[in-house]
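Note sheet for the following structure.
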There are 2 protein chains.
Amino acid sequence: MNTAGPRTRIQEKNRKAILDAGLDVFSQYGFRGATVDQIAEAAGLSKPNLLYYFATKDAVHAALLEGLLETWLDPLHALDPAGDPLAEVQAYVARKLALSRDYPRESRLFANEILQGAPRIEHALTGELKALVDEKAAVIAGWAAAGQIAPVDPYHLIFSIWAMTQHYADFEVQVSAVLGPAKDNAYPAAGDYLQSLFARLLAV
Amino acid sequence: MNTAGPRTRIQEKNRKAILDAGLDVFSQYGFRGATVDQIAEAAGLSKPNLLYYFATKDAVHAALLEGLLETWLDPLHALDPAGDPLAEVQAYVARKLALSRDYPRESRLFANEILQGAPRIEHALTGELKALVDEKAAVIAGWAAAGQIAPVDPYHLIFSIWAMTQHYADFEVQVSAVLGPAKDNAYPAAGDYLQSLFARLLAV
DNA sequence: GCTTGATTTGACCATTCGGTCAAAGCAACG
DNA sequence: CGTTGCTTTGACCGAATGGTCAAATCAAGC
C-alpha cells in the first residue's frame, strides 16, 4: 500500500482523494501552514483514516513532490537540438504555458517549495535540474553562435520563460484582479503575447 | 506606540527589529507557517515582549504589508507618458529589477500573499493596483497606436515585466542552483538580458 | 534616592497541532 | 454462517500554538 501500485480500488480512490486534497491545501498554505485536519476534511476522510494511507503529513507532501519536478521539466527535455530554433523555443513556451493553465495547483506547490528555500528538493535543483538546463542552454548557445537566432544569454532566456509562463498560475489572483472579471481567461492572449515576444527576441 | 511614530528610541529599535524578523519569517513560511516564537527569537525578544509592541501576530503581518504595495507600485507610477516610450519601459524594468535585488524578502512576502489567494490585500489588487495598471496600460497602448513602439498587449507586457523581474527574488534559490555557486550574482546579466529583450520586443 | 511610567518576563491558559491506539465496522470468501 | 483481513473511527496524547497577566525590572526626572 505504499509507493508500489495500490492494491484495491478503495485504496486507489482514497489515496487519490488525499493527494488531490493535499495539493489544494499545500499549494495554498505551504507545508508548514497546511494541517492534516484540513487535508483530511478536504479529502472527505477522518484524520486517523488519512494517516492510515499516509503515515505522516510529510509523506503526503513528499508523494506530491515526487514526480512533480519531472513533469515540470518534461517540456524542456523535449526541446530538440535538431529542430528549427525559433519553433523549438516557441513550442517550449507553449508547452510550459499549457502546464500553468492545466496544472496551476502543481505550479503553486512548486512555487511554495522554492519560496521556502526548497528544503526538500534542493538536491534535485542542483542535480537533475541544473544538468538539464546546462544541456539545453548549450543547445541554445549553439543556435546563437550559428546565427540561427539572435545572440542571447541562454540561461536568462530559460529563466524568463519559466517566469512568464508560471506567473499566470502562481499569481493568478493578481492577474484576475487586474484584468477584471470579464476577462476570465487570460491564457489565449498570454499565449499570443509570448509567441510574438520570443519571435521578436530571437529573430536574426 | 501604534501606527503613529514611535515615542522612544527603544521603541523604534524594537519595532524595527520585530518587523525585520517578521519579514524574514513571513516571507519564508507565509502567514500561517510563521510562529510568533520564531519571530520573537529572530528579533532577540521574548514572546510577551514582542506582543507588547504588536498586539497580535496579525498586527506584525499587517504592518509589513502596509505600504508594501505602494513601494511595489512606485516604479510603475513613475512611468512617464511624456517620456520616450522604449526608454520609459526599460527604466521601469530596471527599477523593478533593482527592487528585487535590494528587497528580495519583501518580494517573497508579496509572493506568499498572492500565492495564498491574497486574502489581506485583495481589495488593493482590484482597487489601487488595477486602477494604476489600467492607466499605464492605456499609456502604452497609446504609444503603440501612435507607432512609437511595436503593437503589443499592454497588460501582458506589464505582467511579463513583473514576472521576469520578481522571478530573481522569488525563485532565488532555483536561479542560484542553476547558475551554480560561481555566478553568485545573477542581476547584472539579468539586467542586460531584460534591457535587450524589451528593446527588441518594442522596436518599431 | 524616590517615584513614575515604560519595558521585560516567567508562568500560565485554551486551543490546535501531528500522531497513536484499541476497538469497531465491513467486505470477501470458504 | 463464521472467519479473516482490510478499513474506519472516537478517544486520547504530548507538544506547539497564539495570547494573557501579574509581577518584576529598568530608565529618567525630581
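Letters A, B, ... mirror the listed sequences (proteins, then strands); counts begin at 1.
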Short side-chain N/O contact from Tyr52(B) to OP1 or OP2 of dT9(C), under 4.0 Å: no
Residues in contact with DNA chain C, drawn from residues 32-43 of chain A - heavy-atom cutoff 4.0 Å: Ala34(A), Thr35(A), Val36(A), Asp37(A)
Presence of donor-acceptor pair under 3.5 Å, side chain of Lys57(B) and base of dG19(D): no
Whole angstrom value for the distance that separates P of dT7(D) from CD of Glu12(A): 12 Å
Side chain of Leu51(B) (C-beta onward), nearest among dG19(C), dT20(D), dT8(C): dT20(D)
Leu45(A) CG - dG10(D) C1' separation (whole Å): 16 Å
Glu88(B) (side chain) donor-acceptor with Pro81(B) (main chain) under 3.5 angstrom: no
N-O pairing of Asp134(A) and Lys130(A) below 4.0 Å: yes
Selection from dA11(C), dG19(C), dA6(C) that lies nearest to any side-chain heavy atom of Gln11(B): dA6(C)
Ring centers of His77(B), Tyr92(B) separated by less than 6.0 Å: no
Short N-O contact, Glu172(A) and Arg108(A), less than 4.0 angstrom: yes
Separation of dT7(C) C1' from Lys13(B) NZ (nearest whole Å): 11 Å
Aromatic plane relationship, Phe159(B) with Tyr155(B) - under 30° parallel, 30 to 60° tilted, over 60° perpendicular: tilted
Phosphate contact (dG10(D) OP1 or OP2) by Asn49(A) side-chain N/O below 4.0 Å: no
Touch class at under 4.0 angstrom, heavy-atom based, for Ile10(B) against every strand present: sugar-phosphate
